[in-house]
Protein chains: 2
Amino acid sequence: MYTGRMSAPRTARQRARDELTREILAAARRQLAEVGASALSLRAVARELEMASSAIYRYFSSRDELLTALIIESYNELGVAAERGDDPGAEPGERWMGTWRAVRRWALDNRHEFALLYGTPVPGYAAPEDTIGPAGRMALCLARIITDAKAAGLLSLPDAPACPPGAIEEELTRLIPEAESTVEEVARLIQAWNRVIGVLSFELHGHFNNVTADSGAFFDYTARTAGAYVGLPLD
Amino acid sequence: MYTGRMSAPRTARQRARDELTREILAAARRQLAEVGASALSLRAVARELEMASSAIYRYFSSRDELLTALIIESYNELGVAAERGDDPGAEPGERWMGTWRAVRRWALDNRHEFALLYGTPVPGYAAPEDTIGPAGRMALCLARIITDAKAAGLLSLPDAPACPPGAIEEELTRLIPEAESTVEEVARLIQAWNRVIGVLSFELHGHFNNVTADSGAFFDYTARTAGAYVGLPLD
DNA sequence: CATAAATGAGAGCGCCGCTCTTGCGGTCAT
DNA sequence: ATGACCGCAAGAGCGGCGCTCTCATTTATG
């Protein structure tokens with residue numbers, strides 16, 4: 001139904017269709033930001049666009065499909081935010097911290113979107129296929145920082161338990177082909193990624209309410225610790 | 001409305017009320033396990049108990065309140081599972097790993113309950129007051145392991161960035177009064193706790209789908225790494 | 001025993017996701 | 001240019017939801 005990115009519009013009808021698709025998505029996005037995914041209603045979107053609720057189904061065959069489109073959009077936005085936070089000219093440690101701080105800022109400014117990405121999967125399940133690409137965008141950004149640091153000879157893994165063989169998909173070592181990553185390096189990046197996202201989730205979901213006194217400082221602290229764990233030089 | 005643990009039943013009416021309250025909770029719990037929190041419906045619970053849906057409101061004034069009761073129940077169950085996984089006579093490392101493995105088993109067997117605890121907060125917000133006690137039960141179990149290890153002189157923190165002052169609530173150092181924990185120790189425990197729960201969340205929510213090949217092994221690996229980080233002796 | 005409180009059932013309100021039918025208007029081949 | 005066709009929007013409607021209100025019945029209490 002929802003054909004993802006729309007190709008070059010031909011007829012006037014297709015042009016109108018594409019435009020309306022975008023408008024629906026935009027209205028849904030506004031609703032998501034306001035009331036969250038669980039309260040997002042197709043009928044309210046239709047009301048905002050002054051059209052019959054049944055007409056929405058010409059563009060998105062179900063509420064879940066609309067949510068999936070919003071998930072993809074959000075993953076991409078988060079990826080863009082991460083990329084913007086990374087200054088490729090800076091030191092590896094600064095790049096790492098800058099990226100994560102940008103991710104946190106995006107999450108704080110878009111908490112419902114963040115919850116949609118990293119919270120409980122709301123529907124039966126979102127479309128797995130269409131989401132894996134955008135989902136990896138932020139991780140790829142982090143992987144580049146480490147790869148660059150390694151190429152510059154600045155990567156040194158501190159002592160820690162070794163990753164048991166077979167725990168992670170070894171194909172991930174070829175995610176950035178020229179990097180020639182080791183299993184250990186990849187395992188640490190996955191852990192670091194999981195760790196910092198986990199801190200953000202806890203902060204946003206209120207699990208740190210009586211735990212952290214300065215959640216921003218604690219986030220920085222965690223990102224720094226995770227960065228040191230993957231071998232980046234951080235003072 | 002829902003008066004939490006019910007006091008000693010006096011009249012027959014109160015006895016019946018307490019029993020029905022428990023039955024509603026049990027039916028709701030069954031539904032939660034089957035269809036998850038977002039699809040849990042008061043009306044379906046009433047149907048299963050063969051009573052009018054409006055009658056439920058004599059016991060729980062809203063769906064959110066029912067969910068909150070389920071949250072408390074689940075926190076306690078998780079706490080019990082953690083305590084059962086901890087053999088106080090074993091070595092600190094074994095205690096740590098045993099506790100976490102028990103937590104994971106509980107989460108895998110009760111994924112909807114786990115999602116309710118550590119996923120997106122579904123309603124406007126669950127009751128904060130009544131949940132903080134049960135929520136800390138598992139964390140307390142972990143803190144005891146570390147305290148015991150410290151008392152036995154087996155705790156040694158590996159090098160890592162220091163926790164910046166003011167990041168965490170310093171009162172947490174007095175959570176176990178006789179432990180005399182340092183800020184650094186507490187900060188590491190919080191991070192470790194967050195880290196392992198984060199791995200579980202990612203696993204259960206499908207974020208590790210094309211990432212880990214053996215999620216059990218990866219979980220163990222993470223728990224081990226986190227245990228080493230808090231200073232426990234782990235081989 | 002009478003009064004007050006607690007309880008349960010039913011009807012009903014306004015939402016929701018989703019489907020089906022109907023009619024209109026643009027598209028396109030003949 | 002005309003007629004068949006298809007995309008589209010609208011409306012009605014289905015069953016389900018959370019929640020409220022009323023009313024009868026049952027139970028506890030003075």
Side-chain angles (χ1 to χ4, degrees), chain A residues 1-3 6-25 27-28 31-32 34-70 122-127, chain B residues 1-3 6-25 27-28 31-32 34-70 122-127:
Chain A
M1 176 67 56
Y2 171 64
T3 59
M6 17 260 166
S7 54
R10 310 222 163 279
T11 81
R13 194 173 249 173
Q14 274 200 10
R15 197 194 317 269
R17 178 180 185 82
D18 293 352
E19 192 172 330
L20 233 186
T21 303
R22 272 189 294 266
E23 276 181 36
I24 292 172
L25 224 34
Q31 283 230 351
L32 172 64
E34 266 182 37
V35 298
S38 67
L40 190 155
S41 120
L42 255 172
R43 290 178 110 115
V45 170
R47 230 175 287 130
E48 183 177 331
L49 265 45
E50 288 180 307
M51 60 193 294
S53 66
S54 57
I56 302 270
Y57 288 85
R58 298 271 175 201
Y59 300 85
F60 297 88
S61 64
S62 73
R63 181 180 175 273
D64 282 6
E65 200 179 7
L66 219 189
L67 276 180
T68 301
L70 289 176
V122 203
Y125 263 129
Chain B
M1 179 65 57
Y2 171 62
T3 59
M6 17 257 164
S7 54
R10 309 221 164 282
T11 81
R13 189 172 251 171
Q14 275 199 9
R15 197 194 319 267
R17 178 178 185 83
D18 293 353
E19 191 173 331
L20 232 186
T21 303
R22 273 189 293 267
E23 276 180 37
I24 293 172
L25 224 33
Q31 283 230 353
L32 171 64
E34 266 181 38
V35 299
S38 67
L40 189 155
S41 121
L42 255 172
R43 291 178 109 115
V45 170
R47 231 175 287 131
E48 182 176 330
L49 265 46
E50 288 179 307
M51 59 194 294
S53 67
S54 58
I56 302 272
Y57 287 84
R58 300 274 181 209
Y59 299 84
F60 297 88
S61 65
S62 73
R63 181 180 175 274
D64 282 7
E65 200 180 9
L66 219 189
L67 276 180
T68 301
L70 289 176
V122 203
Y125 263 128

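All of these numbers come straight from a predicted model, not from anything done at the bench. Here is the naming used below: chain letters follow the sequence lines, and residue numbers restart at 1 for every chain.
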Peer 1: Is there a side-chain contact between Leu42(B) and Tyr57(B) in this structure, where contact means two heavy atoms from C-beta onward sitting under 4.5 Å apart?
Peer 2: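 With C-beta onward as the side chain, the pair touches.
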Peer 1: Base, sugar-phosphate, or nothing: which does Leu20(B) touch, judged by heavy atoms less than 4.0 Å apart?
Peer 2: sugar-phosphate
Peer 1: Please give me the minimum heavy-atom distance between Gln31(A) and Leu40(A), naming the atom from each residue.
Peer 2: OE1-CA, 4.1 Å
Peer 1: Check this one for me: any side-chain N or O of Arg17(B) less than 4.0 Å away from OP1 or OP2 of dT7(C)?
Peer 2: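 For dT7(C), OP1 or OP2 has a side-chain N or O of Arg17(B) closer than 4.0 Å.
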Peer 1: Under 4.0 Å between any heavy atoms, over every strand shown, what does Ala16(A) touch: base, sugar-phosphate, or nothing? Just pick one.
Peer 2: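 Nothing, no heavy atom under 4.0 Å.
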Peer 1: Between atom CG in Leu49(B) and atom P in dG8(C), what is the gap in whole Å?
Peer 2: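 Value for this atom pair: 11 Å.
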Peer 1: OG/Ser38(A) to CG/Leu32(A) distance, rounded to the nearest 0.5 angstrom?
Peer 2: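 If I round to the nearest 0.5 Å, the distance is 10.0 Å.
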Peer 1: Rounded to the nearest angstrom, tell me the gap between atom CD in Gln14(A) and atom P in dT27(C).
Peer 2: 10 Å
Peer 1: At 4.0 Å (heavy atoms only), tell me whether Ile56(A) reaches a base, stays on the sugar-phosphate, or touches nothing.
Peer 2: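 Nothing, no heavy atom under 4.0 Å.
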Peer 1: Counting only side-chain nitrogens and oxygens, does Arg15(B) get under 4.0 Å of the OP1 or OP2 atom of dA6(C)?
Peer 2: no
Peer 1: Any side-chain heavy atom of Leu67(A) sitting closer than 4.5 Å to one from Leu70(A)?
Peer 2: yes
Peer 1: Under the 3.5 angstrom rule, does the side chain of Arg17(A) hit a backbone N or O of Arg58(A) as a donor-acceptor pair?
Peer 2: yes
Peer 1: With respect to the phosphate group of dT7(C), does any side-chain polar atom (N or O) of Tyr59(B) fall under 4.0 Å of OP1 or OP2?
Peer 2: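 Answer no for this pair, as no side-chain N or O of Tyr59(B) is under 4.0 Å from OP1 or OP2.
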Peer 1: Out of dG8(C), dG18(D), dG17(C), which nucleotide sits closest to the side chain of Ala55(B)?
Peer 2: dG8(C)
Peer 1: Whole angstrom is fine here: how far is it from CD in Gln31(A) over to C1' in dC16(C)?
Peer 2: 12 Å
Peer 1: Whole angstroms only, please: what is the CD-P distance between Glu23(A) and dA9(D)?
Peer 2: 11 Å
Peer 1: Quickly work out the Phe60(A) CZ to dC8(D) P distance and round it to whole Å.
Peer 2: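 Rounding to the nearest Å, CZ of Phe60(A) and P of dC8(D) are 13 Å apart.
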Peer 1: Find the distance between CG (Asp18(B)) and CZ (Arg13(B)) and round it off to the nearest 0.5 Å.
Peer 2: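 Here the rounded value is 13.0 Å.
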Peer 1: What integer distance in Å separates Tyr57(B):OH from dG10(C):P?
Peer 2: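 Tyr57(B) atom OH is separated from dG10(C) atom P by 17 Å.
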Peer 1: Considering all heavy atoms of both residues, which atom of Ala28(B) and which atom of Val45(B) are nearest to each other, and what is their separation?
Peer 2: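 That closest heavy-atom pairing would be CA-CG2, 3.9 Å.
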Peer 1: Indicate yes or no: at least one non-hydrogen side-chain atom of Leu25(A) is less than 4.5 angstrom from one of Tyr59(A).
Peer 2: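 Heavy-atom side-chain distance check fails, nothing below 4.5 Å.
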Peer 1: Whole angstroms only, please: what is the CD1-P distance between Ile24(B) and dT7(C)?
Peer 2: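 Ile24(B) atom CD1 is separated from dT7(C) atom P by 11 Å.
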Peer 1: Round to a whole Å and report the spacing from CZ of Arg63(B) to C1' of dC16(C).
Peer 2: 13 Å
Peer 1: Phosphate oxygens OP1/OP2 of dA6(C): is one of them under 4.0 Å from a side-chain N or O of Arg13(B)?
Peer 2: no
Peer 1: Return no unless some side-chain N or O of Arg58(A) is found under 4.0 Å from OP1 or OP2 of dT19(C).
Peer 2: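 It does not, given that no N or O in the side chain of Arg58(A) lies less than 4.0 Å from OP1 or OP2 of dT19(C).
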Peer 1: Tell me which residues in residues 36-45 of chain A put a heavy atom below 4.0 Å from DNA chain D, sorted by number, or none.
Peer 2: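 Within this stretch, Arg43(A) sit under 4.0 Å of the strand.
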Peer 1: Hey, is the side chain of Ser54(A) poking within less than 4.0 Å of OP1 or OP2 on dA10(D), counting only N and O atoms?
Peer 2: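 Ser54(A) to dA10(D) OP1/OP2: no side-chain N or O under 4.0 Å.
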